[in-house]
Amino acid sequence: MEEPSAGRRTRADAKKPTVGLFATCLVDLFRPSVGFASVKLLEDAGCRVEVPLGQTCCGQPAYNSGDRADTAAIAKQVIESFEGFDYVVAPSGSCGSTMKKHYPWLFEEGDPWRARAERFSAKVHELVSFLTDVMGITGVEGRLDQSVTYHDSCSGLRELGVQAQPRALLNSLEGATITEMKDANVCCGFGGTFCVKYPDISNTIVTKKMKAITDTGADMLLAGDMGCLMNMAGKLKREGSNVEVRHVAEVLAGMTDQPAIAGGGKR
Amino acid sequence: MSGRDAILSKIRASLGAGGDEAARKTAVAERLAGHPRGVIPERGHLPAAERLALFRDMAIKANASVATLAGYDALPDAVLTYLRERNLPASVRMGTDPRLAEAPWHEAATLEVKSGASDGEDVTGVSHALGAVAETGTLALTSGTDNPTTVNFLPEHHLVVVDAKDVTGDLESLWSALRTSRGDGSMPRTVNLVTGPSRSGDIEQVLLMGAHGPRSVHILVIDPEGTMPAERTP
Amino acid sequence: MELTSLKFKEQSSAAIANADLQRALGNVEKGFIDKRRKSTDALPEFDRLRDNARDIKNHTLAHLDHYLEAYEEKVTQSGGHVHWAATAAEAREAVLAICQQRKAKTVTKGKSMITEEIGLNDFLSANDITPVETDLGEYIIQLRGEHPSHIIAPAVHVNRDQVESDFRRVHTQFEAERDLTEPVSLLAEAREVLRQKYFEADIGITGANFLVAETGSSVIVTNEGNGDLTQTLGKVHIVVASIEKVVPTLEDTAQILRVLARSATGQDMSVYTTVSTGPKRADDPDGPEEYHVVLVDNGRSDMLGTEYQEMLRCIRCGACMNHCPVYHAVGGHAYGSVYPGPMGAVLTPSLHGIDKSGHLPNASTFCGRCEEVCPMRIPLPKMMRHWREQEFEKHLQPSKARFGLGIWAYVARRPKLYRRAVSLAMPVLSRLGGARHRIARLPLAGGWTRHRDLPAPEGATFMQQWAERQRHDKGSKA
């Protein structure tokens, strides 16, 4: 097993809660800026952040394909890498809920890994709800001059209860206006491997979502999960929309220098 | 092996039942005998006046209409008025319910009262309900010569008489009334719980009244004590 | 009906391309969701009632054998007959035997999914008995030679102009000039036609929403009243019901009724809830002379004691499909099974085998909305996942997908290897995205890029950049 990499440590840090950031595979591969935004938000909230090297993915592709053995193997690897932290935080409701709600269930009752997974799961949080519900953050500094609309990703919403928290923090930004889309709580059609296994169905669903987004007239679409964001951004851009798509952490951290997901402007 | 034995033994095998069955049998017997009530909505616990008002509101919400009468004496006139207002033939079908029979039908000389089951030719039927449930505006009608089931479904207009004292708060209380109504705990052939007129949404989910049963349900609450509060003016 | 779930993909693509169907499916989202929410919001005890409804069914299933015996005893006491059918074939034969004994020519039918499941209509027709569906939606699809596309709104896939042309084709007794443009005139015509059928029929067949062990009663819940005319006007009433419909008492029935209509149509109570016990009594002026119950197992007892037992709590309200984005996209027929939507995705593999229905539990985004609205708190996504696991264990998935997953899992379990692989790949993808930061077409990613662009990666991975930052920080501190 590899050692967790050390964060920037000072003496005052000793009292701070340590957070193991689970960046998620999609952030790691496609959107590193969300990882850095997460680090900033966590550090601003008074946490000491580390990024363990033992992480690749939470295992969802295998888990949702019925491959329980590989999922359990990946889960063990994640647990070993993260169980030493006070908290485990992921900028994703989907990976967060896999680790929080599903990992224990991968191991039979009586298997020592079951209890270990349960202890680990208790520490896992989705990023934005962690900031508000655990760290007690009620607002962030900064401005938001574009009008935004927010999509509730399914796992975060239904398994972890993430709904009010991102809106509360967004509203704390100076100048923020959130225009709610119709059916913000309805799936965007991503569904992990679903969207490539059933592309036509996924497209029908994301087409409705796109209409709901563009009907708001908002300049920017935000959500808390890269999978959903890539799906919606990919569709919006394919259809020529210039709505800017970003992970909510980028906006809350004031880190919007990177081009938007799938770029901005019309194709 | 008969279908019965095959099914029951498979159930027992799947459930891992077998050996000492006494505890499982007792659990079943106790539940059947005790018929415990579960969660009763708050709105099922209202005092009499509010209960009647809730019944009226819920029945109207279910697209029924409701009138309150001081006694059975007023019934024939109320029926005639209903028919006249809708330009319906002055003829009704009803069973032999003694409470209905008591009403002074002779005073409504123009009204034809046909007795017995409906043959499908009747435009209007009159029934007496066993009771009603305030929480949902539901009427409870029981089969028999008193109130033939066909009267509930074949006529286009169904007038249902219910005593104010028989309006219970919740459905569970109605079951209690039902158990005592026949004395021996037996069930009538049917209990029809009716909540508003017949409807269908099967064509494009557009709600239409009068699918196979009555197009309109008019409830006549007999309230000699004057418990029913006056209708709120909109 | 013939099970065609293996063709789900083709069927769903055809459904998406069918403009009439897509227009009709809009009514599902408009017609059900808001109504359900309003009615459940208006009952503060709703969630507690859901808990209790779940507990009642759990208790009943754990004692199912004893409740069925108690139920049977009460039915017999009230003068009815119980026929036990272990399979669909036995159930069909039991119904046919009753019909033949009464020399029945026509039977009217109330809406019943179990008779769809056992294929009763085709079987009766093949035996020279004409089944007449009387629920308006069922009647419409019977005229069209179709099967229900929804468990409570069987004709939800049909538009009014299609109903009009079906009525004109079949109801030749009416003058051709009549106006049928409004749904209300279509309803009136169906009412007139079916009224006659009730009186002509020898036997009425209904399903049951509940079988009450305490009283030996069957309970049907309808809005049209067709089930009541079916069972009141026929000389014989046959109830076809699956074994898990049994509940202990009238009180238990009342508890579940409170969540049923609200979840299904957003009504506080359906218009007609009818409790039927035995045949007509000696002095009854109306009602059937004989009362039969055909109790159908057809695979249920095999589900007990397995990870699918909870599915037997299902009360067939349809809320799961009403809230399912996949159902909204493809409608019910694409599933190729009697039961569509999320509940069908779990039940169909139980009834027919996962090898014949593998797509159904896979065609879900796991959005969880079905479980969120299920009045019986059935963990539908969890059970779909169980099916995926069984499919995986039996090697039933396409070999290409399995191979790809295998490679991915191998690498994902080796963080160093993983980091090396992705740190090489991502910059390449990033360059493909160019200044527009997206990729319109990519080999092997056609499933993604057929309908949408692929957002391009930023370049170096987060883990690479983080390591870089750590090195830099350490360097600056030194």
Side-chain angles (χ1 to χ4, degrees), chain B residues 2-4 6-8 10-12 14-17 24-25 27-28 31-32 35-39 41-42 58 62 95 116-117 120 136 138 143-145 148-150 152-153 171-172 175 187-206 208 210-213, chain C residues 27 31 43 45 48-49 52 63-67 70 84-86 90 136-137 153 155 159-160 163 183-184 186-187 191 199 213-215 217 223-226 228-229 232 243 248-251 254-255 268-269 271-278 280-281 283-287 297 301-302 304-305:
Chain B
S2 73
R4 183 182 192 276
I7 293 170
L8 288 174
K10 199 138 64 130
I11 292 172
R12 288 185 178 120
S14 295
L15 289 174
R24 289 176 76 240
K25 277 185 185 156
V28 169
R31 191 169 190 102
L32 290 177
H35 42 81
R37 292 178 171 212
V39 178
E42 273 300 310
M58 295 308 284
T136 49
T138 301
S143 59
T145 45
T149 306
T150 40
N152 304 342
F153 293 98
L171 186 50
E172 283 79 352
W175 297 142
M187 293 284 286
R189 184 187 65 78
T190 65
V191 181
N192 294 121
L193 302 178
V194 177
T195 312
S198 160
R199 69 199 65 186
S200 175
D202 273 346
I203 300 173
E204 296 188 356
Q205 308 308 298
V206 177
L208 301 170
H212 292 275
Chain C
N27 295 326
L43 186 68
E45 296 85 358
R48 281 169 57 217
L49 283 159
N52 198 38
H63 301 82
L64 187 60
D65 47 340
H66 294 306
Y67 279 117
W84 300 72
E90 284 180 29
L136 179 60
N159 294 302
R160 71 177 74 175
V163 179
V184 67
L186 294 167
L187 175 70
R191 178 183 167 112
F199 284 102
E214 174 200 359
T215 55
S217 310
N223 276 322
E224 297 184 5
N226 63 306
D228 287 283
L229 289 169
T232 307
I243 52 174
T249 64
L250 290 171
E251 277 73 5
Q255 293 288 298
D268 297 315
M269 182 98 172
V271 176
Y272 300 113
T273 299
T274 297
V275 184
S276 306
T277 316
K280 81 192 230 185
R281 307 295 145 79
D283 55 352
D284 277 355
D286 46 27
D297 181 343
S301 57
D302 289 329
L304 285 171

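Only heavy atoms go into these numbers, but all of them, side chains included; no hydrogens, no water, no symmetry mates. Convention: sequence-line order gives letters A, B, ...; per-chain numbering from 1.
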For C:E251, all residues meeting salt bridge (charged side-chain N to carboxylate O under 4.0 Å, His left out), sequence neighbours excluded: B:R179
Should C:Y67 and B:V28 count as side-chain neighbours, where that means a heavy-atom distance under 4.5 Å? yes
Mind ranking C:L136, C:L250, C:D268, C:N52 by heavy-atom pairs under 4.5 Å with chain B and telling me who comes out on top? C:L250
Counting distance only, does the side-chain N/O of B:T190 pair as donor-acceptor with the main-chain N or O of C:V275 below 3.5 Å? no
To the nearest 0.5 Å, tell me how far C:R281 CZ sits from B:M187 CE. 9.0 Å
In terms of heavy-atom pairs under 4.5 Å with chain B, the winner among C:P285, C:G305, C:G225 is C:P285
Report the distance from atom OG of B:S143 to atom NZ of C:K280, rounding to the nearest 0.5 Å. 11.0 Å
Any non-hydrogen side-chain atom of B:I203 less than 4.5 Å from a side-chain atom of C:N159? no
Partner chain B: residue of C:T274, C:L64, C:D283 with the largest heavy-atom pair count (under 4.5 Å): C:T274
Tell me, side chain or backbone of C:Q255 under 4.5 Å from chain B's heavy atoms, or both, or neither? both
Salt bridge (charged side-chain N to carboxylate O under 4.0 Å, His left out) against B:K10, all qualifying residues, sequence neighbours excluded: C:D302
So which residue, B:G116, B:G210, B:P41, B:G144, ends up with the most heavy-atom pairs under 4.5 Å with chain C? B:P41
Any idea which of C:N27, C:D286, C:T273, C:T249 has the most non-hydrogen atom pairs under 4.5 angstrom with chain B? C:D286
Worked check of side-chain contact (heavy atoms from CB on, under 4.5 Å) between C:Y272 and B:V194: CA-CA 5 Å; C:Y272 300 113; B:V194 177; 3.9 Å; yes
Can you give me the closest heavy-atom contact between C:S301 and B:I11, atom names plus distance? CB-CG1, 3.8 Å
For residues B:L171 and C:M269, determine if any side-chain heavy atom of one lies less than 4.5 Å from a side-chain heavy atom of the other. yes
Taking every heavy-atom pair that is under 4.5 Å apart, which of C:L43, C:V163, C:L186, C:I243 has the most such pairs with chain B? C:L43
Is there a side-chain contact between C:W84 and B:L8, using heavy atoms and a 4.5 Å cut-off? yes
Do B:T145 and C:D284 touch side chain to side chain, with heavy atoms closer than 4.5 Å? no
Contact origin within C:A213 toward chain B - heavy atom pairs under 4.5 Å: both
Rounding to 0.5 Å, atoms NE2 (B:H212) and CG (C:L229) come to a distance of 8.0 Å
So what's closer than 4.5 Å to chain C heavy atoms on B:V206: side chain, backbone, both or neither? side chain
Identify which one of B:R24, B:K25, B:R4 satisfies the salt bridge (charged side-chain N to carboxylate O under 4.0 Å, His left out) criterion when paired with C:D65. B:R24
Do C:D228 and B:N152 pair up side chain to side chain, a donor and an acceptor below 3.5 Å, judged on atom types alone? no
Report yes if the side chains of C:N223 and B:S198 come closer than 4.5 Å at any heavy-atom pair, otherwise no. no
Would you call C:E224 and B:R199 a side-chain contact if the rule is heavy atoms closer than 4.5 Å? no
When heavy-atom pairs shorter than 4.5 Å are enumerated against chain C, which of B:L15, B:N192, B:T136, B:I7 gives the highest number? B:I7
Within-4.5 Å side-chain heavy-atom neighbours: C:T277 and B:R189: no
Identify which part of B:S200 has an atom lying under 4.5 Å from any heavy atom of chain C, answering side chain, backbone, both or neither. both
Among C:G31, C:S217, C:A254, which residue has the highest count of heavy-atom pairs closer than 4.5 Å to chain B? C:A254
